[in-house]
Structures are given as C-alpha cells and as structure tokens.
Amino acid sequence: MQKHFHKALVAVITFMTVAGFYMPIQAQAALMGNASVRLSNPKPVVGSKYIFKMTLGSTHNVKAIRMNWKSAATGGTTPTSLDILGASLFAINSGVVGDWTADVSTISTGITLINAAGAEIASGAALEWTMDGIVNPDISQRGDVTPGCTSTNNAGTGNGNLSAGTCFIEIQTWNNEGMLDGQKKDNVVLTYDITADVTMTAKIDPALTFVVAGVAVATAVGDANGTDDTTNDSTYNTLPFLTLTPNAIRLLAHSLTVRTNANNGFIVYGLMTTPLTGTSVAGNNIDPYAGNAANATTPQVWTSPTAPTKNANTGWLGYNTTQYSGLTGIANFSSTKWAPLSSNNPANGDDPHLMMEDVDQNDGLTPTVVSYALEVDVYQPSD
C-alpha cells in the first residue's frame, strides 16, 4: 500500500515579549520606599499604561504628584522619542480619579497630577496610580542624537545589542498644588527598561504512522452475497484465501490505521503489483470484479461469476472499505458494495485503488477495514 501526504506542515510562530522590567532605586530625598513602575506593554514606541506603586515616608496631604522622565538617574535629558502629551490618569487609590487634573505642559517637564483638596495619607501607607496613553521611548545607543531609553548592551556608539534600553522617572509628591518652594515632601527615581520584541520561529515536521494489521477468521466485514465473516486469518503481509471451491465466496480483510499531524491529511492506495494468475498454467487468471457493471468509481453489490468461457470473468476479485464517504471520486461505497481489485500500474498511467482518505490530521484511533472477496465459478480451471 502506498501512503501519500498532500503537503508538509510548517508552522511559524511569532512570540512577542510582554513582560515589563522595572527596578526601584533609593530615594534621593525624604523617605519614599518600596517604589516601582511597571509597564503594561514595554515595547519601544507603543502606547502603554504605567503603573506606579510606592510607600510614603511621612504623613501628609498629597496634592500634587510630578513625574519627570530622564535619560539618567542624576541629570540627563528627557528622551525625545517619548510621547506623554495624550496621557491621562487611569486609576488612583487616593481619592477619586475625577478629582485629579493631569497637567502635561511639555514633555521636558513631565506630567503633574493635581488635587486641590488633597488626601492625607499616613506614613507607611501605599500610594498607587496608573497613567494611560503614554507612548514609550525608543531604544537608543549611547551617543544617539535622538535619545530614547539608552541600551547598555552595546560596545559603543552605533554598535552592539539593542535588546533593551534603560530610562528613569523622577517622582515627587507635594502638599501644595502650586508646588511652592519648601512644599516638596518625598521624591524617588525609578528605572525601567524598554525591551525589543523577540521573534520565535519553529518548523513542525510532518509525522506519519501507518499500520497494516491482520484480521482474524470469523470477523464481520464487508458483505458479499450474505457472506460477511472472514473465512480465514490474515496477517499484515499475507492474504491466504486457501483452496477455492466454485461458487463459494472466500473473504479476508486488513485493518488500516493512520496517525498524522499533516494539515492536509493523507491518502492510502491499494495496488496489486501483479495479477492473480496460475502457477501451472500462466494463462489461468482471476479477473477484477465486474459484476453489476462495477468499476473503480462505482462499486456495486456482489454477484457471482457465471461466465462460460474459462479465464474470462470466471473468477472475480474485489474489495470493500469501511470508509463509506469522503473518498475522492467514489460516492457510493457501503457495507455491501465492492469495487474491482486489479493490477493497475500507476507508472503506466493507471489509477491505484483508493481505500482510505482524510483531509485533516488523524489520531489513528479508528481503523478502516478493507475486505477482499474472491469467488470462482465451475468454468474456472483448477490450478
């Protein structure tokens, strides 16, 4: 039997990093602690939420929070590829979001959240808020004239690995919405990374397991004129019909299973490489089943051979498959219908016999049973 793949399966998977990298560093003034910033999307030059968390070092009314982006922890410049002009306050755990005003005057001065009423937060209490609509900076190399978050993984200007770039945000809290001198309470500098995408690719090879198994005697298979049990054991590589008696049907079978991951499935063909001929007289032969005008595309109910001229349709060999539908070009297989089994040669343009087919993957758990029926009449020469 011949196995056939429609095509190999190749899968390409793209994997995008989604984890944000963040690391708090020591406050530069006052006692703000446990500070961090996390990005919902750390890719360069895309919109992201910035989720800020910190613990206040003293009890005071928080009336203003200033966020200022920098290219260095001390000094530095604002990354020119940063875009905060469309930012808005998404959530805050101190007061109602609508009580706060987000002031974005320029990128260089960052974002200021102002709440004139203020909200007293005790020392050691958590302060959390989320800014939405910030477009992340790009990843820059050291010395880049249009800096973003600077990569420390390159060997020098214009060279090296740009897998991630580091940026800094200074956070200040004030107890006066006008941020007058002497009213700043806490501040801290946070650092985070912008990370480049990682693309993952993989090719999945096609897999195919094909098994031919014998069928035991007295197993119910295809029905030929009321004979529907196998008349002898078969093995994976033998079909022993034994001695033929005129007008007594002999029935054997194979169990076929296919397991494959191929997207376009598989086809199993059956092919007789040589015709069934005599050993003492080469001209003695068994013909492919032709009863009721059966042919390769139109199986028919079994009928016994009755031809009066030896070796001319005095013996018939046919096959039946339990895959009654889904066989390309064969519409009417059933438990009682048989097609001719002949020694067609595909090399000569002949079509092999279609016995099993699937257009999708198959788990190989449900076998297809192919039955073989053989019958001769009294005009078939003994051999």
Side-chain angles (χ1 to χ4, degrees), residues 1-3 211-256 268-321 333 336-356 369-383:
M1 293 187 179
Q2 183 179 19
K3 291 82 67 182
V211 177
V212 180
V215 175
V217 64
T219 299
V221 290
D223 186 314
N225 274 358
T227 299
D228 58 3
D229 287 348
T230 53
T231 55
N232 194 33
D233 294 333
S234 67
T235 68
Y236 77 92
N237 62 350
T238 64
L239 290 170
F241 283 101
L242 303 182
T243 303
L244 303 180
T245 301
N247 300 122
I249 296 172
R250 304 292 295 179
L251 206 59
L252 295 176
H254 275 142
S255 176
L256 312 181
V268 177
Y269 296 106
L271 176 68
M272 290 184 64
T273 56
T274 58
L276 191 57
T277 57
T279 56
S280 60
V281 179
N284 292 336
N285 67 280
I286 304 295
D287 295 310
Y289 177 61
N292 292 323
N295 56 51
T297 59
T298 310
Q300 298 290 351
V301 173
W302 188 270
T303 185
S304 299
T306 57
T309 303
K310 67 178 181 179
N311 299 320
N313 290 315
T314 54
W316 278 337
L317 177 62
Y319 80 96
N320 171 278
T321 173
F333 255 121
T336 61
K337 292 187 176 181
W338 300 79
L341 190 62
S342 60
S343 56
N344 289 350
N345 186 350
N348 296 330
D350 298 329
D351 293 326
H353 304 296
L354 183 56
M355 296 182 171
M356 187 179 181
V369 177
V370 176
S371 310
Y372 311 94
L374 180 58
E375 185 180 5
V376 298
D377 68 12
V378 295
Y379 297 101
Q380 178 68 38
S382 59
D383 203 330

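FYI, side chains are in, hydrogens and waters are out, and symmetry mates aren't considered; it's all heavy atoms of this structure. One-based numbering along the sequence shown.
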Stepwise side chain to side chain contact (heavy atoms under 4.5 Å, CB included) check, N320 with V221: CA-CA 9 Å; N320 171 278; V221 290; over 6 Å; no
P240 side chain near L252 side chain, heavy-atom distance below 4.5 Å: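 They are in contact (side-chain heavy atoms under 4.5 Å apart), so the answer is yes.
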Residue pair I286, L374: steps toward the side chain to side chain contact (heavy atoms under 4.5 Å, CB included) verdict: CA-CA 9 Å; I286 304 295; L374 180 58; 3.5 Å; yes
Which atom pair, heavy atoms only, marks the closest approach of [X] to [Y]?
X    : Y    : answer
V369 : A253 : CG1-CB, 4.1 Å
T227 : L251 : O-CD2, 3.5 Å
T303 : N225 : CA-ND2, 4.0 Å
A282 : T277 : O-CB, 3.8 Å
S371 : G222 : OG-N, 3.1 Å

Pair W302 and Y289, ring centroids less than 6.0 Å apart: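 Ring centroids of W302 and Y289 are less than 6.0 Å from each other.
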Ring-ring centroid check Y269 H353, cutoff 6.0 Å: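 No, the ring centres sit 6.0 Å or more apart.
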E375/L317 under side chain to side chain contact (heavy atoms under 4.5 Å, CB included): CA gap, chis, key distance, verdict: CA-CA 7 Å; E375 185 180 5; L317 177 62; over 6 Å; no
Residue F241 excluded, over 12 heavy atoms near CZ under 6.0 Å: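 Atom CZ in F241 is packed in, count exceeds 12.
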T230 side chain vs A216 backbone, donor-acceptor pair below 3.5 Å: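 Checked: pair present.
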Side-chain H-bond candidate by donor/acceptor type, H254 with Y372, under 3.5 Å: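 Note: H254 and Y372 side chains meet the donor-acceptor criterion.
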Candidate pair M355 and Y319, rule side chain to side chain contact (heavy atoms under 4.5 Å, CB included), full reasoning: CA-CA 9 Å; M355 296 182 171; Y319 80 96; 3.8 Å; yes
